[in-house]
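Worksheet: one structure, shown below.
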Amino acid sequence: MFLEDLVALQINLTVLLDCLNIFGGTTTPGISTALRMCYKGYGYPLTLFLEEGGVVTVCKINTQEPEEPIDFEFCSTNVTNKVILQSESLKEAFSELDMTSEVLQITMSPSQPYFRLSTFGNAGNAHYDYSKDSDMMELFKCIKTQTNRYKMSLLKPSTKALALSCKVSVRTDNRGFLSLQYLVRNDDGQICFVEYYCCPDEEVEED
Amino acid sequence: MHCVVTGGNVKVLAKAIHSLSRIGDDLYVEPQEDGLALRSVNSSRSAYACFLLGDNFRCKMAIKSVQSVFRSLTTLEKTVEKCHIDLDEQKNRLTFTLHCKHGLLKTHNLSFQDSESLQAVFDKDSCANVFRAQPRLLVDTVVHFPPSLEEVTVSVSDERMWVRNHVEEEAEASKAMLTELCLASDEFDHFAVQAHNSVTFCLKELRGLLVFAESTGLPISMYFDEPGSPVVLSVTDSVLEGNFVLATLSDDPSLRKNSTHTVAPPPPDDFMNDDIDSYLIAMDTSTAPGPSTTGPPPPSLADATYRPPNKKFRSLFFGSVLPPSSQMSTQPMTSQEVLASDSDDET
């Protein structure tokens, strides 16, 4: 039996971003940058070979002792509610969200209001309701009414992925943990996923 | 109270709220028999605006929170099909429900506080000078002034209107720049002058109306009397009437130019000094020491004997409570009851 080695390393994110952008941040049409990542093993730096227009840059990034990433223990078998939405409608909602609200409340239910985003800000509260029959709703599978609140500050970073994505799947499990999966399509048609997990802010009565 | 705004009118409502937000921080909402009145006033009570949207409860709330309901005008135009506005008096809540495309429903529950009626007392119809122009004319005029410019002076004669920036009396003539535009009466849709007056008012607060009028294409009507009385600018169409009432600098009698001045035909200026000789010097543009002027000019600001007037923005006259059936726009100025004090000393 051949067991696959799991290689874990930790590097500074800012350094990595600087290296990846070494040829400048802007993309010129028709010109692409090629990347090759090499790692010799524990104790060796992570080596990046970047090539653009015939110019090659080699970056060696020192690694750190990897920390254990948090395991949210979110598994599909425990998922109670799931919807898949076209990102366009969510982008609009997220851009308008009342930032004076500390939490974003997500309600998912087999009955009205089906899928609702709520904020509670200084001026009052606001609700964004997505009907299950909406043409923006690609999949709607809710078996139980669940209302959970999540800290707005924790969800804010996910809007970057939302902006790039074309579809998003929103799932909650029996503990109220939230999983957001964004489908991002590259310029050359390649698909990649960005996943966010967030734990609920407080206990909310489930009807 | 419950009202429904549909289609393109949602955007008009949004634009009205955006332009009111340039006046003050609070939005006063008052349902009337002939429609919904949305009003705002600035903190010094020198600028007031009211939009009456048509077809003796009163409330007010922070404009910013209502503005956020209608934040993006371009998105509104594309996605909102209709807007419901509901008032829940028990819970002190005003609810805006926007029905959007793709089955999306946006509900905004805004809390408000009870307030007294906000109504400026003014009578457009009794004003001596009445003008109406396409918004483009005023926008093109105002664009020549820097965005930081606070006050502008409008002077009129039988055939012309001059618009120039108001320069502070303390400003050094060598550092001050005077910009003046002259508009002929034929550029206006309506131009009726009974009194050759000059009024000075705050430009900043006017810009909100200009943005609104330009985007809706509605002509702007302007009414004013003598300095000290407010200037009223309004827009009207079948679904709304908007009035912006701005206080003007009052005239200091000790400095008022003698209106029987024989030099013709200058518009009497609030701040002309009463030294005829210096005024005549200013008329001769070739020797004008200060900023040059073309046509009938106001006195040169470089004139050393120029005495600055006392500057007073008289606050608008507000009735504290008005009978509900009164027509807001034609309330005659029966009482000169000043509720807010002037920013400067009283004479």
field: Verdict with supporting geometry, B:N42 and B:E205, side-chain hydrogen bond (donor to acceptor under 3.5 Å, both in side chains)
entry: CA-CA 9 Å; B:N42 69 354; B:E205 278 133 0; 2.8 Å; yes
Side chain from CB out, backbone as N, CA, C, O: work out which of these in [X] comes under 4.5 Å of a heavy atom of chain B, or both, or neither.
{"X": "A:N125", "result": "both"}
{"X": "A:E96", "result": "both"}
{"X": "A:S95", "result": "backbone"}

- prompt: Ion pair present between B:R136 and B:E214, side-chain N to carboxylate O less than 4.0 angstrom?
  reply: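 A salt bridge links B:R136 with B:E214.
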Just by distance, no angles: are the side chains of [X] and [Y] close enough, under 3.5 Å, to form a donor-acceptor pair?
{"X": "A:T145", "Y": "A:S109", "value": "yes"}
{"X": "B:Y48", "Y": "B:R39", "value": "yes"}
{"X": "B:E30", "Y": "B:Y28", "value": "no"}
{"X": "B:E241", "Y": "B:N243", "value": "yes"}
{"X": "A:Q146", "Y": "A:T107", "value": "no"}
{"X": "B:S111", "Y": "B:N92", "value": "no"}

query: Contact part of B:T95 toward chain A, heavy-atom cut-off under 4.5 Å: side chain, backbone, both or neither?
result: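 Answer is neither: B:T95 stays 4.5 Å or more from chain A.
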- request: Against chain B, work out which of A:K132, A:E92, A:M137 has the most heavy-atom pairs shorter than 4.5 Å and name it.
  value: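 Maximum pair count with chain B is reached by A:E92.
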- prompt: Of the listed residues (A:A123, A:G121, A:G124, A:A126), which shares the most heavy-atom pairs with chain B below a 4.5 Å separation?
  reply: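 Looking at each option in turn, the highest pair count goes to A:A123.
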message: Which residue in the set A:F177, A:F74, A:Y150 passes ring pair (Phe, Tyr, Trp, His ring centres under 6.0 Å) when paired with A:Y197?
response: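 Among A:F177, A:F74, A:Y150, the one that satisfies the ring pair (Phe, Tyr, Trp, His ring centres under 6.0 Å) with A:Y197 is A:F74.
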Proximal to chain A - members of residues 99-106 of chain B, heavy-atom separation under 4.5 Å: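 The list, in residue order, reads B:H102, B:G103, B:L104, B:L105, B:K106.
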